[in-house]
Amino acid sequence: MPAYLIADVKVTDDAWVPDYAARVHEIAAKHGGRYLSRSGHIDTLEGKPLGSTLVALIEFPSKEAARAFADDPEYAPFAEARKAGSVSNFHLIDDSDLAGSIPYLPKG
C-alpha cells in the first residue's frame, strides 16, 4: 500500500539545504520514493499557518520503504544537518480511506 511522507520544515540555518537538495532525492529513490512536491509556496486555507518555509510530499511504495529511507545510514548525515538547521516534523500516512469504517464518515 502506498505511503506518503510529509516533511514540514522551518529552516533556521540554510547551510544544509544545497547538499540536502542535491543528494537526498537519490536516497529516497533508492527506496522507491518519488517527490510529489517540494514547495515553499504554502497557503493556509483554515487554521493557523504552519510557520514552515518548506513542505515536501514524498510517495513511497509502503510505510516500510519510507521507514527504510528515514533509517538509511546514507541519509543519516543529511538528516542530522537538517535537524541542526531547522525545526522539522516528518509525518507518515498511508493511502487508506477511513470512510465507512467509522459511523460519522460514510462511504462516498
Side-chain angles (χ1 to χ4, degrees):
M1 168 182 300
Y4 302 91
L5 188 148
I6 304 164
D8 162 19
V9 180
K10 180 178 182 177
V11 176
T12 56
D13 175 0
D14 64 3
W16 61 274
V17 175
D19 286 340
Y20 194 99
R23 296 283 318 280
V24 170
H25 70 279
E26 296 168 0
I27 302 168
K30 180 171 84 170
H31 297 281
R34 180 174 70 96
Y35 278 84
L36 301 179
S37 179
R38 274 187 289 200
S39 181
H41 302 285
I42 304 163
D43 295 329
T44 300
L45 300 180
E46 273 188 39
K48 296 179 183 178
L50 292 173
S52 303
T53 51
L54 169 73
V55 174
L57 177 62
I58 311 169
E59 179 182 46
F60 286 91
S62 65
K63 281 189 169 187
E64 293 77 20
R67 287 187 178 103
F69 158 71
D71 295 336
D72 189 318
E74 187 180 359
Y75 177 60
F78 297 101
E80 288 305 315
R82 174 184 45 78
K83 291 174 189 176
S86 73
V87 176
S88 302
N89 297 293
F90 275 27
H91 307 281
L92 186 59
I93 61 171
D94 60 26
D95 75 343
S96 62
D97 184 355
L98 292 178
S101 66
I102 51 180
Y104 60 82
L105 193 59
K107 273 190 173 175

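Every heavy atom of this structure was used, including side-chain atoms; hydrogens, water molecules and symmetry mates were not.
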Salt bridge flag under 4.0 Å for residues E64 and R67: no
Quick one: does any side-chain atom of S52 pair with a main-chain N or O of D8 as donor and acceptor, under 3.5 Å?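 Pair absent, no side-chain N/O of S52 close to backbone of D8.
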Test item: T12 side-chain N/O and G85 main-chain N/O as donor-acceptor pair under 3.5 Å: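 Yes, because the side chain of T12 sits within donor-acceptor range (under 3.5 Å) of the backbone of G85.
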Does a side chain donor of either S39 or S37 reach within less than 3.5 Å of an acceptor in the other side chain?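 There is no such pair (donor and acceptor under 3.5 Å, judged by atom type) between the side chains of S39 and S37.
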Would you compute the distance between atom [atom1] of [X] and atom [atom2] of [Y] and round it to the nearest 0.5 angstrom?
X: L57; Y: I93; atom1: CG; atom2: CD1; answer: 7.5 Å
X: Y20; Y: H25; atom1: OH; atom2: NE2; answer: 12.5 Å
X: H31; Y: F60; atom1: NE2; atom2: CZ; answer: 7.5 Å

What are the two closest heavy atoms between [X] and [Y], and how far apart are they?
X: P61; Y: G32; value: CD-O, 3.4 Å
X: V55; Y: I42; value: CG2-CD1, 3.6 Å
X: S62; Y: A3; value: C-CB, 3.6 Å

Do Y35 and V9 belong together in a cluster built from hydrophobic side chains that touch within less than 4.5 Å?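 Yes, because Y35 and V9 connect within a single hydrophobic cluster, where side-chain heavy atoms sit under 4.5 Å apart.
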Grouping I, L, V, M, F, W and Y whenever their side-chain heavy atoms are under 4.5 Å apart, do L54 and V87 come out in a common cluster?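 Hydrophobic grouping puts L54 apart from V87.
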Run the side chain to side chain contact (heavy atoms under 4.5 Å, CB included) check on L50 and T44 step by step: do they pass? CA-CA 8 Å; L50 292 173; T44 300; 5.8 Å; no
Of I58, L92, D94, D95, the residue whose pairing with Y4 passes side-chain contact (heavy atoms from CB on, under 4.5 Å):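 Of the listed options, the one satisfying the test is D95.
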Knowing that exactly one of R34, K63, E59 qualifies, which makes a side-chain contact (heavy atoms from CB on, under 4.5 Å) with P2?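 Between P2 and the candidates, side-chain contact (heavy atoms from CB on, under 4.5 Å) is satisfied uniquely by E59.
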Contact check, side chains of F69 and V24, non-hydrogen atoms, under 4.5 Å: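 The answer is yes, as the side chains (C-beta and beyond) meet within the 4.5 Å cut-off.
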Would you call E74 and R23 a side-chain contact if the rule is heavy atoms closer than 4.5 Å? yes
Got a sec: does the NE2 of H41 have more than 12 other heavy atoms crowding it under 6.0 Å? no
Counting only heavy atoms not in K30, do more than 12 sit closer than 6.0 Å to its NZ atom? yes
